[in-house]
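These notes concern the structure reproduced below.
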Amino acid sequence: MNQKMKNPIIPGFYPDPSICRAGDEFYLACSSFELCPGIPVFHSRDLAHWELCSYAVSGQNGLHVEKNSMTGGLMAPTVRYYDGTFYIINANFCDKGNYIVTAQNPYGPWSEPHWLSDVPGIDASIFFDHDGRCYVLGTGNVWDNGTGVKERGIWLAEYDIRNFKMAGEPVTIFNSALRVGSSPESPHLYHVGDYYYLVIAEGGTEHYHAVMTARSKDIFGFYEGNPANPVLTHRHMGYSCPVTNVGHADLVQLPDGSWYAVMLASRLIEGKCKNLGRETFICPVVWERDWPLFSPQTGRLEMEYDMPESLAPAEYPPEPEWDDFESEELKPCWNFWGTPYEAFYKIHHSKLIIKCIRQQLAEEIHPSSLVPEYHKDRFAPFVARRQRSIHTAVTCRMTFMPEGVQSAGLAVVQAMNHQYHLERACEDGKQTVRFVRYTADYDVMPHMPGFQSRTKKDVLAQAAWEEADIILQIEMEGEAFSIRYGADLSSLRELCTADGAAINPEKAGCMAGTICGMFASGNGADSENQAEFDWFEMKPVSVHS
């Protein structure tokens with residue numbers, strides 16, 4: 001019996017996947033937006049099982065991101081391997097824009113960013129042709145629609161990869177696969193047989209997302225759209241389709257000559273919510289009449305496919321569910337929100353200790369632009385990891401005695417200030433445990449003119465708690481959240497229930513997915529007070545009948 005590749009191959013908030021092969025090994029990079037470290041890089045030998053092997057950018061090679069709306073930062077990387085070197089091209093919208101980092105070993109170290117001042121626009125990609133020439137392509141307002149108005153399209157230029165600069169003038173090679181198609185972006189280029197093939201995303205990264213293809217025998221020719229476009233989408237399957245947002249694909253050829261594609265998609269929760277965000281999926285690709293055919297026979301993303309017979313299964317240790325902070329450093333699955341320019345946490349005597357610094361987890365959202373201003377205080381005193389299962393329980397043991405307006409505890413965070421906090425706090429001089437919901441109202445996204453936002457805080461439930469030690473638990477059974485607390489695991493009390501749809505990205509902004517973790521804050525004032533976390537657990541749970 002053939003073993004299976006089960007979708008999503010990388011569950012949780014890992015969008016915009018790009019893939020390459022080096023010998024018999026496969027490597028995949030994803031967007032990370034405002035999380036630090038950034039651009040997670042995964043390794044696989046069989047396309048079904050993946051391990052996190054590094055982050056391409058971090059504090060060690062100058063990553064700057066800012067906690068804000070989770071719609072900015074690092075997005076749409078392309079990873080390629082050529083002549084012994086790995087290349088990742090990406091845009092950092094909290095910094096100077098497009099850049100390339102390189103590594104001889106994908107496990108690191110990765111180079112300092114080579115900033116690309118002559119590469120404009122978004123979703124830049126690189127391509128190495130059979131003759132060794134390198135090209136850069138990207139998205140911008142480059143197509144003249146005949147009225148003198150430039151519309152969104154795809155451009156291509158020869159590139160000097162040794163000196164990280166353009167070697168020729170950009171040429172417009174495509175506009176959109178469908179007439180007046182929206183948001184043509186994320187281009188990738190391949191040379192197969194007599195043709196150069198262009199694969200792009202179109203329709204926006206939400207419900208109408210799609211994969212489009214085009215081809216040309218001349219690399220700089222205007223590309224002919226595939227008459228079968230869109231070649232992969234779920235937008236025609238309705239809003240209740242269990243997998244949606246399908247698009248942003250990248251192709252890889254196996255040593256046996258077969259082809260596969262990775263792409264992003266979202267799993268629906270209870271037929272309406274996408275709290276896990278955009279995840280990484282895979283499907284087989286075959287070639288018919290000189291065109292790529294995605295997911296043959298069905299034309300849709302299936303939840304499993306047969307593994308390639310030419311690849312031997314190669315499983316890796318799973319991401320740990322339990323962390324008792326025995327290591328001196330945080331495990332690779334942990335992330336910060338914004339680059340932490342101050343030492344707000346430490347691991348000491350097998351405890352994660354977070355100081356109550358002035359920064360808050362739910363601060364007002366700032367307008368954003370493509371001009372970096374380098375706000376080094378915009379990070380959260382928050383240690384978090386991605387939710388990867390629809391039914392999940394997050395639990396921790398904390399020691400903390402709040403003073404004044406300080407708070408600390410567990411948080412479940414989504415984009416655009418949609419958050420839940422299960423925290424210890426001091427209400428009117430009384431020690432409490434409480435469950436707080438944050439939501440934000442806005443009309444346009446932070447990068448658009450006229451952005452304004454106001455965050456609303458609602459205390460949904462609270463109870464007296466005088467002890468410093470407490471166990472906190474948020475169990476997410478789909479969108480049904482059960483909130484518990486107590487002195488030990490065997491005697492947890494239910495504080496309240498809540499509707500997780502309040503942090504659905506459909507409402508909150510669709511760029512990110514749920515992250516869960518531990519925080520402490522002085523909520524506007526620095527303090528030496530601190531919260532100590534003995535352990536943290538995030539594990540899948542069975543659905544109650």
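Because the structure is a prediction, the values reported are computed rather than measured.
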Evaluate Q359 against F379 for side-chain contact (heavy atoms from CB on, under 4.5 Å), listing each step before the verdict. CA-CA 7 Å; Q359 283 88 343; F379 62 90; 3.5 Å; yes
Just by modelled atom types, is the [Y] backbone N or O under 3.5 Å from a matching donor or acceptor in the [X] side chain?
{"X": "N163", "Y": "K165", "result": "no"}
{"X": "S176", "Y": "L178", "result": "yes"}
{"X": "N92", "Y": "L74", "result": "no"}
{"X": "T339", "Y": "V65", "result": "yes"}
{"X": "Q419", "Y": "L361", "result": "yes"}
{"X": "S69", "Y": "I365", "result": "no"}
{"X": "R21", "Y": "Q253", "result": "yes"}
{"X": "H248", "Y": "S186", "result": "no"}
{"X": "T280", "Y": "P17", "result": "no"}
{"X": "N90", "Y": "T78", "result": "no"}

Checking [Y] against [X]: is there a side-chain donor and acceptor pair closer than 3.5 Å?
{"X": "H188", "Y": "Y197", "answer": "no"}
{"X": "N504", "Y": "K274", "answer": "no"}
{"X": "Y196", "Y": "D129", "answer": "yes"}
{"X": "E112", "Y": "N61", "answer": "no"}
{"X": "D83", "Y": "T85", "answer": "no"}
{"X": "N229", "Y": "N226", "answer": "no"}
{"X": "D95", "Y": "Y374", "answer": "yes"}
{"X": "Y305", "Y": "S295", "answer": "yes"}
{"X": "T213", "Y": "W291", "answer": "no"}
{"X": "D250", "Y": "S18", "answer": "yes"}
{"X": "Y195", "Y": "D290", "answer": "no"}
{"X": "D256", "Y": "S258", "answer": "yes"}

Taking the side chain as every heavy atom from C-beta outward, state whether [X] and [Y] have any pair of such atoms under 4.5 Å apart.
{"X": "F281", "Y": "V246", "value": "no"}
{"X": "I200", "Y": "D123", "value": "no"}
{"X": "R300", "Y": "M237", "value": "yes"}
{"X": "N335", "Y": "L330", "value": "no"}
{"X": "P308", "Y": "M5", "value": "yes"}
{"X": "L254", "Y": "W259", "value": "no"}
{"X": "Y316", "Y": "R45", "value": "yes"}
{"X": "L251", "Y": "F294", "value": "yes"}

Does a side-chain N-to-carboxylate-O contact under 4.0 Å join [X] and [Y]?
{"X": "E363", "Y": "K67", "value": "yes"}
{"X": "R278", "Y": "D16", "value": "yes"}
{"X": "R215", "Y": "E224", "value": "yes"}
{"X": "E342", "Y": "K376", "value": "no"}
{"X": "E364", "Y": "R454", "value": "no"}

Which heavy atom in E279 sits nearest to a heavy atom in G12, and how many Å separate them?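 That closest heavy-atom pairing would be OE2-N, 2.7 Å.
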Given side-chain contact (heavy atoms from CB on, under 4.5 Å), test I10 with F42 step by step and report yes or no. CA-CA 9 Å; I10 304 178; F42 294 87; 3.7 Å; yes
Say you draw a straight line from [atom1] of [X] to [atom2] of [Y]; how long is it, rounded to the nearest 0.5 Å?
{"X": "T439", "Y": "H418", "atom1": "OG1", "atom2": "NE2", "answer": "5.5 Å"}
{"X": "N68", "Y": "M416", "atom1": "CG", "atom2": "CE", "answer": "8.0 Å"}
{"X": "I154", "Y": "F174", "atom1": "CD1", "atom2": "CZ", "answer": "8.0 Å"}
{"X": "Q387", "Y": "Q414", "atom1": "CD", "atom2": "CD", "answer": "9.0 Å"}
{"X": "C94", "Y": "F33", "atom1": "SG", "atom2": "CZ", "answer": "11.0 Å"}
{"X": "F164", "Y": "H114", "atom1": "CZ", "atom2": "NE2", "answer": "3.5 Å"}

I would like to know whether H43 and Y27 meet ring pair (Phe, Tyr, Trp, His ring centres under 6.0 Å); could you show each step before the answer? CA-CA 5 Å; H43 164 254; Y27 297 93; 5.1 Å; yes
Over 60° means perpendicular and under 30° means parallel, so tell me whether F336 and Y345 are parallel, tilted or perpendicular.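 Geometry flag for Y345 against F336: tilted rings.
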Parallel, tilted or perpendicular for H130 and H191, by the 30°/60° rule?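 Rings of H130 and H191: parallel, as their planes differ by under 30°.
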A quick test of your reading: do over 12 heavy atoms of other residues, nucleotides or ligands sit less than 6.0 Å from CG of D160? yes
Hey, is CG on D443 packed in by over 12 heavy atoms from elsewhere, all under 6.0 Å?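 Result for CG/D443: open.
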As a quick check of understanding, evaluate side-chain contact (heavy atoms from CB on, under 4.5 Å) for V199 and Y190, giving each step before the final call. CA-CA 8 Å; V199 175; Y190 317 86; 3.6 Å; yes
Using side-chain contact (heavy atoms from CB on, under 4.5 Å), reason through Y420 and T514 one step at a time and then give a plain yes or no. CA-CA 11 Å; Y420 280 122; T514 302; over 6 Å; no
Going through the distances and angles, do R378 and E34 end up as a salt bridge (charged side-chain N to carboxylate O under 4.0 Å, His left out)? CA-CA 10 Å; R378 289 186 184 171; E34 295 168 4; over 6 Å; no
Less than 6.0 Å separating the ring centroids of Y341 and H64?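 Close enough - the centres of the two rings lie under 6.0 Å apart.
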Please lay out, stage by stage, how W110 and S54 fare under the test side-chain hydrogen bond (donor to acceptor under 3.5 Å, both in side chains). CA-CA 9 Å; W110 289 85; S54 69; 3.2 Å; yes
Between S216 and D218, is the side-chain hydrogen bond (donor to acceptor under 3.5 Å, both in side chains) condition met? List the steps. CA-CA 5 Å; S216 171; D218 175 2; 5.6 Å; no
Taking the six-membered ring of Y87, is NZ or CZ of R80 closer than 6.0 Å to its centre and within 45° of its axis?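 Ring-cation test returns no.
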Between T455 and N417, does a side-chain hydrogen bond (donor to acceptor under 3.5 Å, both in side chains) hold up when you go through it step by step? CA-CA 7 Å; T455 297; N417 262 14; 2.6 Å; yes
